[in-house]
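Here's the structure we're looking at; comments come further down.
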Protein chains: 2
Amino acid sequence: MPGRKRMARRHAARARGASPGRAGLKKVDLGHLPNLIGYAIRRAQIAVFQDFQRSFAKFNIRPIQYGVLTVIESNPGLTQTQVCAALGIKRANFVPLLNELARRKLAERRGAVDQRANALYLTKKGKLLMRKLRELNKMHERRLAAGLSGKERAQLIRLLNRTRNAAQSHP
Amino acid sequence: MPGRKRMARRHAARARGASPGRAGLKKVDLGHLPNLIGYAIRRAQIAVFQDFQRSFAKFNIRPIQYGVLTVIESNPGLTQTQVCAALGIKRANFVPLLNELARRKLAERRGAVDQRANALYLTKKGKLLMRKLRELNKMHERRLAAGLSGKERAQLIRLLNRTRNAAQSHP
DNA sequence: TATTGTTATACTCTATAACTATA
DNA sequence: TATAGTTATAGAGTATAACAATA
């Protein structure tokens, strides 16, 4: 329900001590949020995603597409369900995703022995693109880790995986 | 274009060596993905988000709502633009978000000295709810950090913030 | 019966442009 | 002219239910 006019305001025009005046100058207290793992992950994720977008915009590739292309390249002949399981994608959502990769002639569905399934492969064009994408990704990753030592980078990934496992072990 | 029937399949029913048989049994190679910061963050984020959902389902509160309520509680009288800036939300997207919190009588818009702006406050009901939510969040956070020492937890947040800053310093 | 891929659908998050009322 | 809030809209991510073909 996005209806809601803006008129119930001047009835109390200026409440108590709150006088933002020009918004954005006052330092905002984030409370305990900066001390929360989930908050730090979310903010980092947004920033990382945006850097990825900028980095891969030239080829119009999003993170999830890069993941799918990588998995198919590493495992030629995988079924859609297997790719979905590996990357945590719902099968239903994978269909339009793969459709676009197929439309762009980067990946293709071939027949499998199980006639219900599709065996997935990169096309030659897809493999060539992946070479460039890997380079882009290398630079992207270098930017992300710019402030980290090699050890710290490895530990960040380790701690993230442990957090993920902990969260998943509570169903 | 999500149109695309399923008939271009049996023409090549069983290609080469790919015989998934029953999908899901074969170990899938994720390539270099497990060594990428962005991938680790994304997978962790999804798991953390789901644990949060389960934890807060009873009160029908999502992470972003918890963040907004926390910021308003810590800074009574803040304007919408200020909350948005603090949490990285677009002003346009904040409107329906706040509408729902207001509809549920958890937060409210009051008048500000600047008559263009709204001063935001938690209602009594909102403050009472926050007490329960903080407890839920404490348990949620405890689950996430179950496999981490206090030091590791602090460093995870530190490394995430550094990664975020690194990503943001490349506009 | 169960599984694979698919369609349809819905809700949330994110992003941009344009409008209004104030400043 | 600029700012705060708002509307409208669009795209992407995630989720569930149900169906046809195949096992």
Side-chain angles (χ1 to χ4, degrees), chain A residues 1-10 13-14 20-25 42 45-47 49-50 52-53 60-65 67-68 78-85 87-100 102 109-120, chain B residues 1-10 13-14 19-25 42-43 45-47 49-50 52-53 57 60-65 67-68 78-85 87-100 102 109 111-120:
Chain A
M1 54 266 343
R4 176 166 288 242
K5 293 303 165 295
R6 58 201 309 279
M7 50 186 51
R9 187 195 308 148
R10 44 188 88 27
R14 71 156 307 276
R22 294 193 51 264
L25 296 181
R42 176 176 160 258
Q45 217 263 326
I46 292 171
F49 184 83
Q50 288 174 339
F52 188 102
Q53 294 278 57
N60 193 25
I61 289 287
R62 281 161 290 131
I64 203 171
Q65 294 173 319
V68 169
L78 231 49
T79 68
Q80 298 185 192
T81 296
Q82 286 175 312
V83 174
C84 287
L87 290 172
I89 307 172
K90 302 278 177 193
R91 281 174 310 157
N93 298 329
F94 186 70
V95 175
L97 208 168
L98 181 60
N99 283 346
E100 194 196 330
R109 295 166 165 100
R110 295 189 201 158
V113 286
D114 182 339
Q115 297 217 328
R116 293 170 302 183
N118 294 319
L120 304 182
Chain B
M1 51 281 322
R4 178 165 287 240
K5 292 302 166 293
R6 59 200 312 276
M7 49 185 55
R9 188 196 307 146
R10 46 186 87 29
R14 70 155 308 277
S19 63
R22 295 192 49 263
L25 296 181
R42 175 175 161 259
R43 297 303 298 253
Q45 217 264 327
I46 293 171
F49 184 84
Q50 287 174 339
F52 189 102
Q53 294 278 56
N60 193 22
I61 290 286
R62 279 160 291 129
I64 202 170
Q65 293 173 320
V68 169
L78 231 49
T79 68
Q80 300 185 190
T81 296
Q82 287 175 313
V83 174
C84 287
L87 291 173
I89 306 172
K90 301 277 176 193
R91 282 175 310 158
N93 298 328
F94 186 70
V95 175
L97 208 168
L98 181 60
N99 283 346
E100 194 196 330
R109 296 166 164 100
V113 286
D114 183 339
Q115 297 218 327
R116 294 170 302 182
N118 294 320
L120 304 182

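So that the names make sense, note that chain A is the first sequence line, chain B the second, and so on, each numbered from 1.
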Atom-to-atom span, [atom1] of [X] to [atom2] of [N] - whole angstrom:
X	N	atom1	atom2	result
Asn99(A)	dG5(C)	CG	C1'	11 Å
Leu98(B)	dT6(D)	CG	C1'	12 Å
Asn118(A)	dT3(C)	CG	P	18 Å
Arg116(A)	dA20(D)	CZ	C1'	12 Å
Leu120(B)	dT6(D)	CG	P	9 Å

> Quick one: is dT6(C) close enough that its OP1 or OP2 comes under 4.0 Å of any side-chain N or O from Gln80(A)?
Replying inline: yes
> OP1 or OP2 of dT3(C) sitting under 4.0 Å from any side-chain N/O of Thr81(A)?
Replying inline: no
>> Holding to salt bridge (charged side-chain N to carboxylate O under 4.0 Å, His left out), I want the full list of residues that pass it with Arg91(B), two or more places apart in sequence or in another chain.
In response: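 By the salt bridge (charged side-chain N to carboxylate O under 4.0 Å, His left out) rule, Arg91(B) matches no residue at all.
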On a heavy-atom basis, which atom in [X] and which in [Y] lie closest, and how many Å separate them?
X	Y	answer
Phe52(A)	Pro63(A)	CE2-N, 3.3 Å
Leu120(B)	Arg109(B)	CD2-CG, 3.8 Å
Ala112(B)	Asn118(B)	CB-C, 4.4 Å

>> Is there, by distance only and without an angle test, a donor paired with an acceptor across the side chain of Arg91(B) and the base of dG5(D) below 3.5 Å?
In response: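 Counting by modelled atom types and ignoring angles, a donor-acceptor contact under 3.5 Å is found here.
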>> Using the side chain to side chain donor-acceptor pair (under 3.5 Å) criterion, which residues pair with Gln65(B)? Sequence neighbours excluded.
In response: Glu100(B)
> Which parts of nucleotides 9-15 of chain D does protein reach within less than 4.0 Å, heavy atoms only, written one letter per nucleotide 5' to 3' as B for base, S for sugar-phosphate only and - for none?
Replying inline: ---SSBB
> If you measure from CD1 on Ile64(A) to CG on Asn93(A), what distance do you get to the nearest 0.5 Å?
Replying inline: 8.0 Å
>> By nearest atom, which of the nucleotides dA4(D), dT6(C), dA2(C) is closest to the Thr79(B) side chain?
In response: dA4(D)
